[in-house]
Structure formats: structure tokens, C-alpha cells
Amino acid sequence: MEIIIQQTIKKINRGLFIALEGLDKSGKSTQAKLLSQKLNAKKVSFPDRTTQLGLIISDYLRGNKNMSDEVIHLLFSANRWEQHTSILKQLQNGTNIVSDRYAYSGVAFSAAKGLPIEWCKAPDAGLIQPDITFYLTAPIEELSKRGDYGKEIYENSSFQYKQENFYKIDALKSVDEIQAEILNHISEKLDNTSLLQQKKLWKQVL
Ligand code: Z5A
Ligand code: MG
């Protein structure tokens with residue numbers, strides 16, 4: 001796998017950008033960590049709770065701060081923009097990036113609260129688009145049995161993804177099975193590097 005990745009970076013002349021999205025507690029962070037090790041990639045996470053904006057978001061998620069749906073949506077987006085130049089530079093330098101959640105999380109959560117989809121998409125327009133996005137999904141009743149479920153405010157409600165056409169992955173498989181499936185998809189995608197044109201959200205060629 002490593003050799004394929006290195007050859008690809010040479011062919012496309014940049015790093016690969018992979019995003020993990022999906023339902024709460026579907027195993028995104030578990031897979032992002034493993035994948036970043038396998039691909040020798042830099043892992044980024046959204047929300048990035050280490051920045052000033054990230055700290056405000058974190059307070060909100062813990063239920064310590066009231067904010068309108070619009071304001072928190074814009075903060076989540078701004079939190080991605082904070083990392084944008086760094087992500088772009090690293091990709092250009094040939095570093096692979098694995099993102100634990102990204103813009104699709106933002107749109108899905110806020111649209112599910114009733115904000116118009118186009119309004120939700122607008123602040124993320126122009127962010128670099130992941131080359132491949134994996135969407136981990138399973139019945140919520142099963143995921144709610146997992147550790148820490150219900151600790152943050154969104155998990156106490158019925159907000160969940162509605163749709164997206166990424167690679168759907170069954171989150172009830174074992175950690176190793178999921179990782180193997182993800183690597184297989186990446187490998188398949190790398191066989192046709194013409195599909196790896198760098199784009200901006202939402203699907204605009206750079
Ligand atoms: N949010 C938003 O509204 N707008 C935005 O723009 C963004 C986010 C970016 C916090 O995100 C919230 O912010 C989130 C969306 C919203 N909503 N909520 N709540 P977060 O990413 O910080 O959330 P988190 O606390 O990391 O939870 P998570 O991401 O939903 O979990 P996960 O990463 O998918 O799962 P995990 O941590 O890898 O695993 C969960 C547990 O399951 C753990 O005990 C694992 O050991 C176990 N696990 C993992 N994989 C498996 C398998 N395959 N089998 C069995 N058990 C497993
Ligand atoms: Mg996570």
C-alpha cells in the first residue's frame with residue numbers, strides 16, 4: 001500500500017486528501033487514526049478544538065454555551081478555514097491528509113436543524129475538496145450502545161446525516177475489516193489517477 005501511495009503522490013504531484021464522515025460514534029476517529037498511520041498521513045480533526053474558535057465550539061458542544069444555529073454553523077466553517085492554508089500547503093508538499101470529519105458534517109448537522117442546505121453550504125465553498133470521503137453508517141440503536149454516546153448535545157437529539165454519495169461503509173463491521181475496506185477503496189481509486197483532480201467545494205475544479 002505504501003508503495004502505491006508513494007507512486008501516486010509522484011503521479012499526481014501532491015498528497016491525497018481523505019475524509020472520514022458518518023454517524024456519531026460510527027468509528028471515524030478510530031479509523032482516521034489507523035489510516036493516518038498506514039498512509040503516513042497528517043491527521044486533522046474537525047472541530048479542531050485546539051484553536052480559540054475550537055474552544056468556543058467545544059463549550060457549545062458540552063452544553064455550556066447557548067448559540068443560535070446560524071452562529072454555531074459559521075463557527076464550525078470558520079474552524080475549517082483556519083486550517084485551509086495549512087492543508088493546501090501540505091498537500092502541495094506531498095503530505096497525505098486524513099480528516100476526521102469535514103464540511104459534510106457541517107452541512108448535514110445544520111440542515112437537519114432546518115437551515116436551508118444552500119445557506120449551509122455557502123461558507124464552506126472554496127475549501128479544498130477531499131479526494132475520497134468515507135461515510136460510516138449503521139442503525140443508530142446499535143451505535144448508541146458505544147462508549148460515551150449521549151455526552152454531547154447533538155447526540156441527545158435526532159440529528160443525523162440524511163444523504164451523501166460517498167463510499168458508504170458498514171460501521172458494524174470490525175475495526176480491522178473497516179480499515180481493510182477503506183484501504184481497498186483507496187487502492188482502487190489510485191488505479192485511475194485521472195479521477196484525482198484537485199477540486200474545491202462544492203466540486204469545482206481548482
Ligand atoms: N459537528 C457539526 O455540527 N458541524 C461541523 O461542521 C462539525 C461537527 C465538523 C462533535 O464532533 C460534534 O460536532 C458532532 C458533529 C458536530 N456531533 N455530535 N455529537 P466530534 O467529531 O468531536 O465527535 P466525537 O466525540 O469524536 O464523536 P464521534 O466523532 O461521533 O465518534 P467517532 O469518531 O465516529 O467514533 P470513535 O470515537 O472512533 O468510536 C466510538 C466508540 O466506538 C469507541 O468506544 C470505539 O472504541 C468504538 N468503536 C470504534 N469502531 C468500532 C467498531 N468497528 N466496532 C465496535 N466498536 C467500535
Ligand atoms: Mg470522533
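Residue numbers count from 1 along this sequence. Please read all numbers here as calculations on a predicted model, not as lab measurements. Order of appearance sets the numbers: ligands from 1, and atoms from 1 within every ligand.
- The OG atom of Ser105 sits 10.0 Å away from the OH atom of Tyr135 when rounded to the nearest 0.5 Å.
- Between Glu181 and Lys173 a salt bridge is recorded (basic side-chain N to carboxylate O distance below 4.0 Å).
- Ion pairing between Asp131 and Lys189 fails under the 4.0 Å rule for side-chain N and carboxylate O.
- Near Val175, meaning under 4.0 Å from any of its heavy atoms, are these atoms of ligand 1: 50 (N), 51 (C), 52 (C), 53 (N).
- Under a 4.0 angstrom heavy-atom cut-off, Lys173 registers as being in contact with ligand 1.
- Close contacts between ligand 1 and Ile178 involve ligand atoms 53 (N) [criterion: under 4.0 Å to a heavy atom].
- For the pair Asp48 and Arg101, the salt-bridge criterion is not met [side-chain N within less than 4.0 Å of a carboxylate O].
- Inside a sphere of radius 2.8 Å centred on the Mg ion (ligand 2), the protein N/O/S atoms present are Ser29 OG.
- At under 3.5 Å, not a single nitrogen or oxygen of Tyr102, backbone or side chain, sits near a nitrogen or oxygen of ligand 1.
- At least one heavy atom of Ala171 sits less than 4.0 Å from an atom of ligand 1.
- Considering backbone and side-chain N/O atoms, Lys28 comes within less than 3.5 Å of an N/O atom of ligand 1.
- Using a 4.0 Å cut-off between heavy atoms, Leu61 contacts ligand 1 through its side chain alone, with no backbone atom that close.
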